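Worksheet: the structure to be examined is printed underneath.
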Amino acid sequence: MATFDKPKVELHVHLDGAIKPETILYFGKKRGIPLPAETPEELRDIIGMDEPLSLPECLARFDYYMPVIAGDRDAVYRIAYEFVEMKALEGMAYVEVRYSPHLLANAKVKPIPWNQEEGDLTPDEVVKIVNEGLQAGERDFKVKVRSILCCMRHMPSWSPEVVELCKKYHNRTVVAIDLAGDETILDSSHFEGHVKAYQEAVRSGVHRTVHAGEVGSSKVVEQALDVLKSERIGHGYKSLEDPVLYGRLLAENMHFEICPWSSHLTGACDPDFSKHPVIRLKNDKANYSLNTDDPLIFKSTIDTEYRITKALNFTEEEFMRLNINAAKSSFLPEQEKAALVEQLYKAYGLPPGTTI
């Protein structure tokens with residue numbers, strides 16, 4: 001039985017980090033691309049992590065399997081469709097899933113990722129196919145799903161196209177832009193391609209989130225706010241080390257996309273969970289959500305995050321509060337957001353508008 005068996009909202013999960021091992025094996029065999037395992041269990045153990053590693057070491061896990069998925073239309077559609085099925089089984093009411101269109105493409109992208117040969121799947125078509133997979137999943141599994149397109153910190157030349165794809169596919173299913181990747185790249189928030197993309201997002205009404213303060217300093221969080229005008233913060237743990245910044249985030253009701261198990265395995269937080277920033281966020285009645293980040297890499301489900309926090313004395317009331325806050329901080333249009341919030345209040349047996 002799930003630790004929290006009521007409808008949930010997840011705002012920070014990567015599509016390419018949430019693929020079924022069976023699907024990876026299927027396309028490896030179909031495409032003749034060798035993999036380091038022959039069974040789903042073996043593959044999960046090779047790709048997945050059990051003990052903390054550095055963030056770059058975590059990201060290197062994608063090298064095992066992304067060449068099998070990227071550049072293949074059937075694979076891209078299937079991972080999107082199966083993602084929705086996965087989240088239906090986890091009891092989700094609403095999910096925002098993010099990915100880099102360029103990292104799934106093999107045409108009109110430089111450099112071509114994952115040492116692929118050039119093909120004919122462009123970033124634009126990747127977004128179209130993912131949208132189709134998510135929409136079919138939403139129809140079949142009755143989970144509301146929207147997507148976020150990622151810029152990559154080390155590739156600012158991709159970012160102008162990312163924001164244009166956000167505009168082109170706005171609310172089909174795309175609702176926002178993100179900046180992901182290695183935030184320890186010095187001042188990467190100031191790279192011209194990223195800055196121009198986020199300025200265009202502001203001008204065009206595209207919602208914005210940024211990975212910041214996970215393994216980078218609190219300065220990266222400040223840059224996300226002041227340079228990129230982010231409306232949510234992906235992770236944000238290091239902001240708690242700067243009292244002035246943290247006070248500002250609380251005052252602005254900034255939403256923290258928190259991933260407890262991920263933060264443990266990437267070394268982003270103290271290995272002692274009793275010192276995890278999520279406890280401070282709970283105690284301060286901050287605006288945050290619980291998320292899986294990359295469940296394939298971290299061998300987890302959303303219940304992993306709830307079990308961890310329940311062991312830290314989080315109550316069912318707190319789980320309801322954080323999910324309502326997640327719904328209110330989602331990037332849905334206002335009318336759909338209000339309907340989602342109302343759905344949660346009803347499912348939780350709470351009078352509409354109740355403060356918890």
Side-chain angles (χ1 to χ4, degrees), residues 13-38 40 43-44 46-48 58-86 97-137 145 147-166 168-169 172-174 177-182 193 197 294-297:
V13 55
H14 294 261
L15 179 61
D16 52 3
I19 304 173
K20 293 168 65 173
E22 294 85 350
T23 299
I24 296 168
L25 290 168
Y26 172 82
F27 284 102
K29 185 174 182 181
K30 180 182 176 183
R31 301 179 70 189
I33 300 174
L35 287 163
E38 295 183 357
L43 190 62
R44 187 178 286 108
I46 290 169
I47 295 171
C58 297
L59 296 176
R61 299 296 173 113
F62 290 87
D63 295 338
Y64 284 120
Y65 66 89
M66 281 302 288
V68 167
I69 301 297
D72 186 286
R73 289 172 175 80
D74 291 342
V76 171
Y77 179 91
R78 181 161 157 179
I79 65 170
Y81 181 79
E82 291 181 343
F83 173 82
V84 188
E85 180 183 27
M86 183 187 311
V97 61
R98 61 189 70 192
Y99 65 97
S100 162
H102 295 75
L103 290 178
L104 286 167
N106 63 4
K108 295 186 179 179
V109 53
K110 293 182 180 179
I112 297 174
W114 317 112
N115 295 314
Q116 299 175 89
E117 292 184 6
E118 186 171 3
D120 60 0
L121 181 58
T122 66
D124 187 312
E125 192 181 358
V126 165
V127 178
K128 180 176 179 289
I129 292 170
V130 170
N131 289 349
E132 290 169 354
L134 295 179
Q135 288 166 337
V145 183
S147 62
I148 297 172
L149 303 186
C150 295
C151 304
M152 302 305 298
R153 285 190 179 270
H154 70 295
M155 288 304 302
S157 61
W158 293 351
S159 296
E161 184 178 12
V162 174
V163 74
E164 291 304 317
L165 291 171
C166 288
K168 179 176 180 178
Y169 293 102
R172 291 182 301 149
T173 62
V174 180
I177 193 170
D178 178 31
L179 180 57
D182 185 359
D294 295 287
L296 171 64
I297 306 295

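What you see is a predicted model, and the numbers here were worked out from it, not measured in a lab.
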- Looking at Pro123 and Pro101, what are the two nearest heavy atoms and their distance? O-CB, 3.7 Å

- Item | Shortest non-hydrogen contact between Val13 and Ala18, atoms and distance | CG2-CB, 4.4 Å

- Minimum side-chain heavy-atom gap Val126-Thr122 below 4.5 Å: no

- Query: Does some side-chain heavy atom of Val174 sit less than 4.5 Å from a side-chain heavy atom of Leu165?
  - Reply: no

- Note on the structure: The reported gap from NE2 in His102 to CG in Leu149 (rounded to nearest 0.5 angstrom) is 9.5 Å

- What do you reckon, is CD of Glu38 surrounded by more than 12 foreign heavy atoms closer than 6.0 Å? no

- Message: Give me the atom names and distance for the closest heavy-atom approach of Gly137 to Tyr81.
- Response: N-CD1, 3.5 Å

- Query: Are a donor atom and an acceptor atom from the side chains of Thr23 and Glu82 found within less than 3.5 Å of each other?
  - Reply: yes

- Message: Distance check, rounded to the nearest 0.5 Å: Trp114 atom CH2 versus Leu103 atom CG?
- Response: 5.5 Å

- Could you check Lys30 against Asp74 for side chain to side chain contact (heavy atoms under 4.5 Å, CB included), going step by step and ending with a plain yes or no? CA-CA 11 Å; Lys30 180 182 176 183; Asp74 291 342; 3.2 Å; yes

- Message: Is it the case that the side chain of Asn131 and the backbone of Tyr169 share a donor-acceptor pair, with hydrogens and angles ignored and the cut-off at 3.5 Å?
- Response: no

- List the steps and the verdict of side chain to side chain contact (heavy atoms under 4.5 Å, CB included) for Glu118 and Ile112. CA-CA 7 Å; Glu118 186 171 3; Ile112 297 174; 3.4 Å; yes

- Message: Closer than 3.5 angstrom, by distance alone: can the side chain of Glu164 be matched with the main-chain N or O of Ser159 as a donor-acceptor pair?
- Response: no

- Item | Distance, nearest 0.5 Å, that separates OG of Ser147 from CG of Asp178 | 11.5 Å

- Heavy-atom nearest pair, Ile46 first then Ala37, reads CD1-CB, 3.8 Å

- Message: Does the structure place the NZ or CZ of Arg78 under 6.0 Å from the centre of the six-membered ring of Phe83, at an angle of no more than 45° from the ring's axis?
- Response: no

- Query: Is there side-chain contact between Arg31 and Asp72, with at least one heavy-atom pair below 4.5 Å?
  - Reply: yes

- How long is the span from the CD1 atom in Ile19 to the CZ atom in Phe62, to the nearest 0.5 Å? 8.0 Å

- Does any non-hydrogen side-chain atom of Met66 lie less than 4.5 Å from one of Leu104? yes

- Query: Do the side chain of Arg61 and the main chain of Gly48 share a donor and acceptor less than 3.5 angstrom apart?
  - Reply: yes

- Query: Is there side-chain contact between Asp16 and Ile69, with heavy atoms separated by less than 4.5 Å?
  - Reply: no

- Please examine the side chains of Leu134 and Val97, heavy atoms only from C-beta on, and report whether any two atoms are closer than 4.5 Å. yes

- Salt bridge check: are Glu132 and Lys128 linked by an N-O gap of less than 4.0 Å? yes

- Is the closest side-chain heavy-atom distance between Val130 and Glu125 below 4.5 Å? no

- Item | Candidates Ile148, Val76, Leu15 - the one meeting side-chain contact (heavy atoms from CB on, under 4.5 Å) with Tyr99 | Leu15

- Item | Closest non-hydrogen atom pair between Ala105 and Gln116, with its separation | O-NE2, 3.0 Å

- Measure from the side-chain N and O atoms of Arg98 to the backbone N and O of Cys150, and report whether any donor-acceptor pair falls under 3.5 Å. no

- Looking only at heavy atoms, what is the nearest atom pair of Tyr64 and Pro36, with distance? CD2-CG, 3.9 Å

- Item | Check: Leu296 main-chain N/O paired with Asp294 side-chain donor or acceptor under 3.5 Å | no

- Task: Supply the atom-to-atom distance Ile33 CD1 to Ile24 CD1, rounded to the nearest 0.5 angstrom.
- Result: 11.5 Å

- Item | CG-NZ distance between Leu121 and Lys108, expressed to the nearest 0.5 angstrom | 11.5 Å

- Message: Using side chain to side chain contact (heavy atoms under 4.5 Å, CB included), reason through Glu117 and Asn106 one step at a time and then give a plain yes or no.
- Response: CA-CA 7 Å; Glu117 292 184 6; Asn106 63 4; over 6 Å; no

- Query: Hey, does Met152 have a side-chain heavy atom less than 4.5 Å from the side chain of Trp158?
  - Reply: yes

